[in-house]
Q: 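A single structure is presented below for examination.
By convention in this document, chain letters (A, B, ...) are assigned in the order of the sequence lines, proteins followed by strands, and residues within each chain are numbered from 1. Remember, predicted model here, so these are calculated numbers, not experimental data.
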Protein chains: 4
Amino acid sequence: MTSLESSRRHLASDNWSGVHPEVIAALAAVNTGHLPSYGHDDYTESILDRLKSVFGKDTEIFFVFTGTGANVLGLQSLTRPYNSVICSETAHIHTSECGAVEKHSGCKLLTVASSDGKIDRDGIAAHLHDFGNDHSVQPSVVSISQATEYGTVYTRDEVQAIAAFAHDHGLKLHMDGARLANAAAHLGLSLRDVSGDAGVDVLSFGGTKNGLIAAEAVVFFDSELGRDFKYRRMQGMQLASKMRFIAAQFDALFTNDLWLRSATHANRLATLLGERLSAVPGFRVTQKIQANEVFAFVPREHIASLQDDCFFHVWDEAASEARFVTSFDTTENDVNSFAAAAGRIAAGMNQNG
Amino acid sequence: MTSLESSRRHLASDNWSGVHPEVIAALAAVNTGHLPSYGHDDYTESILDRLKSVFGKDTEIFFVFTGTGANVLGLQSLTRPYNSVICSETAHIHTSECGAVEKHSGCKLLTVASSDGKIDRDGIAAHLHDFGNDHSVQPSVVSISQATEYGTVYTRDEVQAIAAFAHDHGLKLHMDGARLANAAAHLGLSLRDVSGDAGVDVLSFGGTKNGLIAAEAVVFFDSELGRDFKYRRMQGMQLASKMRFIAAQFDALFTNDLWLRSATHANRLATLLGERLSAVPGFRVTQKIQANEVFAFVPREHIASLQDDCFFHVWDEAASEARFVTSFDTTENDVNSFAAAAGRIAAGMNQNG
Amino acid sequence: MTSLESSRRHLASDNWSGVHPEVIAALAAVNTGHLPSYGHDDYTESILDRLKSVFGKDTEIFFVFTGTGANVLGLQSLTRPYNSVICSETAHIHTSECGAVEKHSGCKLLTVASSDGKIDRDGIAAHLHDFGNDHSVQPSVVSISQATEYGTVYTRDEVQAIAAFAHDHGLKLHMDGARLANAAAHLGLSLRDVSGDAGVDVLSFGGTKNGLIAAEAVVFFDSELGRDFKYRRMQGMQLASKMRFIAAQFDALFTNDLWLRSATHANRLATLLGERLSAVPGFRVTQKIQANEVFAFVPREHIASLQDDCFFHVWDEAASEARFVTSFDTTENDVNSFAAAAGRIAAGMNQNG
Amino acid sequence: MTSLESSRRHLASDNWSGVHPEVIAALAAVNTGHLPSYGHDDYTESILDRLKSVFGKDTEIFFVFTGTGANVLGLQSLTRPYNSVICSETAHIHTSECGAVEKHSGCKLLTVASSDGKIDRDGIAAHLHDFGNDHSVQPSVVSISQATEYGTVYTRDEVQAIAAFAHDHGLKLHMDGARLANAAAHLGLSLRDVSGDAGVDVLSFGGTKNGLIAAEAVVFFDSELGRDFKYRRMQGMQLASKMRFIAAQFDALFTNDLWLRSATHANRLATLLGERLSAVPGFRVTQKIQANEVFAFVPREHIASLQDDCFFHVWDEAASEARFVTSFDTTENDVNSFAAAAGRIAAGMNQNG
């Protein structure tokens, strides 16, 4: 497999990267003897306790495999089928999960237009009508992504404002935190500061995009909301039999603040990439760079040759807007090389010229 | 964590065991550079090709995380919500998946009484009525487990007979092969011999119970049946973003026939355990030992002290019937020690006497 | 249409009969001017109030179209998808609703064997295990049919015993009362006596089989349980826009105790039919006759010619057991004629001999 | 009941009206003797045949109770849970059915902005992307309303253009024809001309809003698409046991073209109302009047007093836009009286001045 032998990194996605070496080591470390399955082992319990020390000791926390699993099952816990979930039109749950929320919860998603991935009270308010009208789905949850799918980050105040508004209207606040680590790193706040302490009721806490293999956690800040989650998780096909190997990934993630080291690193390189691309004639950064993503206008005629060496996704074909994502293993050299290639192409030279 | 430091093995379940060291090594080996996510990488493609060389080159094969995921999504591909699935009353999909099939497919499960986990044409036939009657669910699938939840194994002829009967009545045959490796090892046949070549339409091929972390495959022997599976997998929360790490586990499983080495080993020790327990006064093996499970009557008063050192599950409280499961890492010493302890207890000595 | 011009009645089902003339008159009577739709009219409100005076003023009552609709949506109000519903293996929800409960609620039905349609505490108790085990569906409702699908009737004590047992274990009691009127008439008790006052939590109260066109009510004896039913009804496609025409049918049903007159009449003729058939050599009544159904062994060779004039359903082909159902419009002459025909046939004469 | 005794008519909705007297008569006419239930009677068969002579003899037609039932089950027949349905943002299935499509089919609705209720190829085309991408729901149906929720009517050419476009992209065309009669009457075309012959694959054909009690039909122009509809109808709680009383309503509807007489009448009065309101200072008709609905700006301060005598719904609170609906029983006097009241109020006189 040439592809495996190569050490080339790309800027396509934080799930194109492999996993952090400390995670592989953690898997090997827990591979000893027999342990009760399905999470009934002391080790898993101890890692859950460690997460509770992070998110709050009154939380209920559950491990699942995927971000979609975390989002769907978390939202299911907050809804009945006649409810609706209010989210950004750019939300992963709306655009990228193949209708999983609708299929599993029965709920309708009500979307709010957004140019930067964020939503606010006005956008949410537009969907707050027809309470009590049995012809209309009944809003019960607001879901926001932190960081957003555009790499932007809600401030703590912004989350608090949305939470207060949602709660005032009887709705819960769900946070898709697939990149929560990047958001917290950007804000210089703890994971709890930007989620539960800001009013989030249920959090999908992402590990996979931050260096794990396939490990996410659902955090209920009000433990009552998670009372029956274990049944939903099993029925929802998200219960690992050899749970210790999910727990071990989180063990690594919270050992010596790996989550923060990785997120800070990725964020820094995204910022660097943004600076470098801004300096290239004809390129234009289109979103604030606050996490580990860079959105930029790339002259259409340069895309294919640039992708050839270092792949990235075209986000908006019509606008010729591309998305670049950094991860724990992106290097300064990766960024500089790519920017240099962009510069050469922009200067009319061929890429290897 | 004492539990992790201990090297003690139990006879509780093949998912109490850890993972085969060759699997951890395989994960480390593929952890190089960036690769396209969601299975769009050459490496995953190559491993799927290797599985196709095992199951048939016209198959369609998909990786998922869990056996429940494989069963649910495979069955969904064969049903509409007004259909029913005929299975043994002992089937994992009926007893142990928290109603996942009903929730996700909408279908009713129709169960067949069974003393050894197996079902046959007569049992199936009893549910084949009311075709065309819109008040009645319409049977569309027979699902059998190979090996069964009682550790028994269908012969190839038995599978063929069920397949022919199902097909004659317009039904498809699904096989829950969480322990297919053990069944094939017992029969001395290839994985394909006992599944697709015997008439199975869709197979859940288990890896987790045979030494993987969390990796299963859904095999469509008629590729047309799997045409839209990729959407069901994503919507069903079973699509791994870093797919290479699922593929790598199967890479290990099919390297130097690890699947067969592990299954043969586990089967052999189950047989040994059966022999040893049969020799203990008051113990009685209650099912044929054909795979890696032993069911046995254990005098009620001995259970707790035996479990103390080496855990096993009581399967049928009322009958004082226990289940013992061996796995790739069970040793002869484990079996002999346990049998010796049973012998001592049966002889009225205390366990450490 | 010859069939319409004929005034022939059969013994096939109480839904083969037309509707009571007083019901047609009630429809005509409310067909005046415009009224708010979807039940927001004073007239519908007044009929609901009348039903509340029957079932209890703290009940919440909703009209729906069909018995299946009442059962499914009522059960949905008592369950989450990981729950199960315990019912008789003969229950309409299990045998005759094309898997509607599973499809809409996601729940598994757990059945209790029954020779007369009734279940009791022992049968229910057998399913009360694995509470808290996330691999197992969690029982949350017992559902009984009153009268049963075999025309038998639970005494008030029997209902109370089941209710107390269910409640003791944290389960709710649902009653499929498609023929509740017949049961109450048999017992000489009020509708409320045999449902809410006996411990039923949610009732499907049938009108259609007792002379209405298509009108059923869901009665929540604990109004809190019905708090969100209106959304489930709309989403469940059971909300009538011209609701007054459903209400009008119940108006007729409770005017001068039409429900009781019709049920008493039908019950009486079923008893008469049972007596007559018991007197025919070779015929044998197989179930207690307590409501408006007669189950009887009919010599196989006589079935076709008897059905020719007066249709009835063969219930159990293998046992040559037939089901006869009387309704509000069955006459003594219908019963006597049929019994006479049976007698002639049994005596070896041809039917018109 | 004052409300029942009153003969007052309103302009609130065509489901505030009662039912056409010919329909009540038809119900009485079929109320003779016993007939096979669930539609297995010759009479129902004969009415279905009559509808087939209207819509095409190769169609498959099924009766259901409600428009939501028709839409949901019709769409279910055209979709798998990972599909999406493209419709106007004003579509009844999106705004007024409490999320029924999502709950029952699992599908996501993708909406097209519309100022008059209609959509066109460009709006649809914007959702036709990501075919084959397993992260994205896969569009499989376009659903249009004829007449639309704004009382506008697609021309036959417009329907054909949408149908051709949908079919070219592998999608089916569903038509919500709750007011198809009004659309056909407006266009001077047959019901079939504006549906199946224009390319519609599945039609919800409305009866309730055109003078029936609760009776709709699902018409499959390609009978193969309706092959398994009978199971979906039963499981979907839309199967009437006393089916002849649904059939009888359609019997009346197609006797002496009642459907056309009623629709033409309602359309004519809507046009008259539009003319009258346009003449009132300060009032302004906001949508083309092509069926039986009038949308008009009504000065906010006049709304309450006008509603007092003749109720109508405010459609858009912010824009002070009201909706007026005529029906089979609306009279010229109703329209003139209302317009006169509006004129008096606009002239500054009190309403009874």
Q: In Å and rounded to the nearest 0.5 Å, what is the NZ to CD distance from B/Lys103 to A/Gln76?
A: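 Atom-to-atom, B/Lys103:NZ and A/Gln76:CD are 5.0 Å apart.
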
Q: Pick one of side chain, backbone, both or neither for B/Asp334, based on which atoms fall under 4.5 Å of a heavy atom in chain A.
A: neither

Q: Return the set of residues passing ring pair (Phe, Tyr, Trp, His ring centres under 6.0 Å) with B/His104 (not counting sequence neighbours), or none when no residue passes.
A: A/His104

Q: Measure B/Leu212 against the heavy atoms of chain A and call it side chain, backbone, both or neither at under 4.5 Å.
A: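 For B/Leu212, the contact with chain A is made by the backbone alone.
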
Q: Which one wins on heavy-atom pair count under 4.5 Å against chain A: B/Ala240, B/Ser327, B/Gly99?
A: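 Going by pairs under 4.5 Å, I would pick B/Gly99.
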
Q: Top residue by heavy-atom pair count (under 4.5 Å) with chain A, among B/Ser37, B/Gly236, B/Pro21, B/Ala100?
A: B/Ser37

Q: What option among B/Cys98, B/Gly18, B/Ser17 has the most heavy-atom pairs under 4.5 Å with chain A?
A: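 The residue among B/Cys98, B/Gly18, B/Ser17 with the greatest pair count is B/Ser17.
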
Q: How many angstroms lie between atom NE2 of B/His34 and atom CZ of A/Arg8, to the nearest 0.5 angstrom?
A: 12.0 Å

Q: Write down the atom of A/Ile24, the atom of B/Asn31, and the distance for their closest heavy-atom approach.
A: CG1-ND2, 3.8 Å

Q: Measuring from B/Met237:CE to A/Arg233:CZ, what's the distance to the nearest 0.5 Å?
A: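 Reported to 0.5 Å precision, the distance equals 12.5 Å.
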
Q: Measuring heavy-atom distances to chain A, does B/Phe245 have an atom under 4.5 Å in its side chain, in its backbone, in both, or in neither?
A: side chain

Q: Counting only heavy atoms closer than 4.5 Å, note whether B/Tyr38 contacts chain A via side chain, backbone, both or neither.
A: side chain

Q: Please round to the nearest 0.5 Å and tell me the distance separating atom CD1 of A/Ile246 and atom CD1 of B/Ile213.
A: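 If we round to the nearest 0.5 Å, A/Ile246:CD1 and B/Ile213:CD1 are 8.0 Å apart.
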
Q: Under 4.5 Å, heavy atom to heavy atom, which residues of residues 62-75 of chain A contact chain B?
A: A/Phe65, A/Thr66, A/Thr68, A/Gly69, A/Val72, A/Leu73

Q: If the condition is ring pair (Phe, Tyr, Trp, His ring centres under 6.0 Å), which residues does B/Phe338 pass it with, not counting sequence neighbours?
A: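 For B/Phe338, the residues satisfying ring pair (Phe, Tyr, Trp, His ring centres under 6.0 Å) (neighbours in sequence not counted) are B/Phe312, B/Phe324.
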
Q: Is it the backbone or the side chain of B/Ser96 that comes under 4.5 Å from a heavy atom of chain A, or both, or neither?
A: backbone

Q: Taking the side chain as C-beta and beyond, is there a heavy-atom pair between A/Gln235 and B/Glu97 under 4.5 Å?
A: no

Q: Using the salt bridge (charged side-chain N to carboxylate O under 4.0 Å, His left out) rule, collect all pairs that involve residues 22-34 of chain B, keeping only residues at least two apart or in two chains.
A: B/Glu22-B/Arg261

